[in-house]
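Written out below as structure tokens is the structure these notes cover.
Just so it is clear, the values below take in all heavy atoms, side chains as well, and ignore hydrogens, waters and symmetry mates.
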Amino acid sequence: MAKIFIDNLEKIDIEGFQQDLINWFQAEQRTLPWRENKDPYRVWVSEIMLQQTRVDTVIPYFNNFVEQFPTINDLAEADEDKVLKAWEGLGYYSRVRNLQSAVKEVKEVYGGIVPKDPKEIAKLKGVGPYTAGAILSIAYGVPEPAVDGNVMRVFSRILSIWEDIAKPASRKVFEEAVRAIIAKDNPSDFNQALMELGALICTPTSPSCLLCPVREHCIAFHEGKERELPIKTKNKKTKKVQLAAAILSTDDGRYLIRKRPAKGLLANLWEFPQCEDDHTFTSTKRHLQEYLLKEHAAMAEVENAAFGKIEHVFSHLVWNIDVYAGRIEGEIDQTDTVKLVTEEEMKEFAFPVSHQKMWKQYKEK
DNA sequence: CATCCGTGGGA
DNA sequence: TTCCCAAGGAT
């Protein structure tokens, strides 16, 4: 496998490619908040946010996040609920819990300085091969590869590499390709330029080859194969889960919320109580009431019919939630993970998007 | 290695 | 509607 790209490597004018790529990036790069300076912490935060997430989505989150937590020390000392609240809606919430954990590690073990050594930085929670290379090259100018989906797509075309980029093992092939071609005098602009090119020009479908600054270096373009690359196999279908949720109010205007488990889906976020509901019970109303009694020792009177329906699509499954309103009768034991909160207090807690939507529907009903 | 882990946008 | 994503990492 490595043989093919090494053969093609000999067809590439490496210095010409580096020059054309970097010149284009320096002239055409987008103005983005994380490009204001090369503070390793800001680069780090941006790279974590940008994992599997679009630039336009990240921008407002990044600005808010670095305003709330301007330094490693600020984030290390912050309350986790506040950190999750700043991430609310971005998805993949373990990213930010790992980031805070890693920042604490940097504070305690490395004196608050992000390590410059590839082995050390790669040990940090949430910092994999891509993120390690990105931080090292962008913030510190270390000539390490930063191979993401963009880079695999661009290189598969430039070097005509017919590896399936959906396979984890393929990443190493592209890392070796980047090591062979990276501009050692400017790895920061080189790596960013590859990703910028992938985002703006060398796009997945219908790449803009006529606007491409490196098309003369591109084997796939010369062979007219740019639309056939990269090779990427498809993923499987998602599972479906039927749920019933309850928005329960007390007579004095408080609502029952609870914290999700520390591991797994939407870990440590808050939600309205919900349970699986395969519609095999006599009624969802009774099913919910029994669940609330068993799980929270809550005596509740739930309405007969759902007032809303929510579909929550994840990357690997789908929730279909029927949403019921109800009243809590009597008292409830409040703990660290179960609370009765007013509408105003609710704003301090981070909820999954589906539960934000059901609250909105509840207020509009 | 396969699966898990979010979300909103676009073809 | 359905599918595929978008600057991946942990287990």
Side-chain angles (χ1 to χ4, degrees), chain A residues 25 29-30 32-35 42-62 84 87-99 101-102 121-135 137-138 145-154 164-172 174-175 178 188 190-200 202-206 230 232-241 260-269 271 310-319 350-357:
Chain A
F25 177 69
Q29 66 173 289
R30 292 168 289 182
L32 297 170
W34 47 89
R35 289 178 175 163
R42 289 170 59 100
V43 172
W44 187 2
V45 170
S46 74
E47 291 302 338
I48 300 299
M49 285 191 173
L50 285 162
Q51 288 170 6
Q52 303 294 289
T53 310
R54 287 183 163 76
V55 166
D56 288 344
T57 303
V58 167
I59 290 172
Y61 282 93
F62 177 83
L84 278 172
W87 209 268
E88 184 185 46
L90 246 194
Y92 288 140
Y93 299 93
S94 67
R95 289 184 295 176
V96 76
R97 297 196 304 122
N98 286 337
L99 175 61
S101 165
I121 196 170
K123 287 182 193 167
L124 298 170
K125 276 184 193 162
V127 178
Y130 163 75
T131 305
I135 298 172
S137 61
I138 296 171
V147 175
D148 67 343
N150 285 311
V151 174
M152 288 197 282
R153 182 171 61 255
V154 170
D164 181 358
I165 66 170
K167 291 197 180 331
S170 299
R171 203 196 72 252
K172 293 196 170 184
F174 292 92
E175 276 184 359
V178 172
S188 171
F190 182 88
N191 279 344
Q192 291 185 79
L194 282 180
M195 294 187 277
E196 195 82 343
L197 190 72
L200 301 180
C202 196
T203 49
T205 59
S206 67
K232 187 171 188 184
T233 53
K234 322 211 183 271
N235 10 330
K236 312 175 192 176
K237 284 209 310 189
T238 55
K239 287 179 288 191
K240 295 183 191 301
V241 180
R260 294 180 55 82
K263 293 192 173 187
L265 188 65
L266 303 166
N268 282 2
L269 268 64
E271 67 180 5
I310 300 282
E311 183 184 59
H312 191 160
V313 179
F314 300 89
S315 37
H316 58 298
L317 67 96
V318 179
W319 282 354
F351 289 83
V353 165
S354 51
H355 285 242
Q356 296 174 45
K357 286 178 181 167

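- Counting to the nearest Å, the P atom of B:dT7 and the CG atom of A:L50 are 17 Å from each other.
- Residues forming a salt bridge (charged side-chain N to carboxylate O under 4.0 Å, His left out) with A:E271 (at least two apart in sequence, or on another chain): A:R258, A:R260.
- Residues forming a salt bridge (charged side-chain N to carboxylate O under 4.0 Å, His left out) with A:R35 (at least two apart in sequence, or on another chain): A:E196.
- Between A:L265 and A:W319 there is a side-chain heavy-atom pair separated by less than 4.5 Å.
- Every residue meeting the side chain to side chain contact (heavy atoms under 4.5 Å, CB included) condition with A:N268, not counting sequence neighbours, appears here in chain and number order: A:E80, A:L84, A:R97, A:K259, A:A262.
- Between the CD atom of A:E88 and the C1' atom of B:dG8 there is a distance of 15 Å, rounded to whole Å.
- The salt bridge (charged side-chain N to carboxylate O under 4.0 Å, His left out) check on A:R42 picks up A:E36, with sequence neighbours excluded.
- When the nearest nucleotides of DNA chain B are assigned to A:K167 and A:L269 by heavy-atom distance, the more 5′-ward of the two goes with A:K167.
- In this structure A:E47 satisfies the salt bridge (charged side-chain N to carboxylate O under 4.0 Å, His left out) test with no other residue, sequence neighbours excluded.
- Distance A:Q356 CD to B:dT7 C1': 11 Å, rounded to the nearest Å.
- Across the protein-nucleic acid pair, A:L265 atom CG and B:dT3 atom P stand 17 Å apart, rounded to whole Å.
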Expected rows: protein N/O vs nucleotides 9-11 of chain C N/O, under 3.5 Å:
residue: C:dG9; atom: OP1; partner: A:G128; partner atom: N; Å: 3.0
residue: C:dG9; atom: OP1; partner: A:G128; partner atom: O; Å: 3.4
residue: C:dG9; atom: OP1; partner: A:T131; partner atom: N; Å: 2.9
residue: C:dG9; atom: OP1; partner: A:T131; partner atom: OG1; Å: 2.7
residue: C:dG9; atom: OP2; partner: A:Y130; partner atom: N; Å: 3.3
residue: C:dA10; atom: OP1; partner: A:G126; partner atom: N; Å: 2.7

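- What separates CZ of A:R153 from C1' of C:dG8 is a distance of 15 Å, to the nearest Å.
- Within the 4.0 angstrom heavy-atom criterion, base atoms lie near A:W34.
- Look at CD1 on A:I165: it is 11 Å from C1' on C:dC5, rounded to the nearest Å.
- By the 4.5 Å heavy-atom criterion applied to side chains, A:L200 and A:R30 are counted as neighbours.
- Whole-Å rounding puts the A:K357 NZ to B:dG8 C1' distance at 8 Å.
- For B:dT7, the OP1/OP2 oxygens have a side-chain nitrogen or oxygen of A:Y93 closer than 4.0 Å.
- Scored by the ring pair (Phe, Tyr, Trp, His ring centres under 6.0 Å) test, A:F174 finds no partners at all (sequence neighbours excluded).
- No engagement by A:V58 is indicated, since no non-hydrogen atom pair under 4.0 Å with the nucleic acid exists.
- In this structure, the CG atom of A:D56 is 14 Å from the C1' atom of C:dC5, given to the nearest Å.
- Among residues two or more places apart in sequence or in another chain, the side chain to side chain contact (heavy atoms under 4.5 Å, CB included) test is passed with A:T233 by A:D164, A:A166.
- Checking the phosphate oxygens (OP1, OP2) of B:dC5, a side-chain nitrogen or oxygen of A:H316 falls inside 4.0 Å.
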Where do N or O atoms of nucleotides 9-11 of chain B meet protein N or O atoms at under 3.5 Å, pair by pair?
none

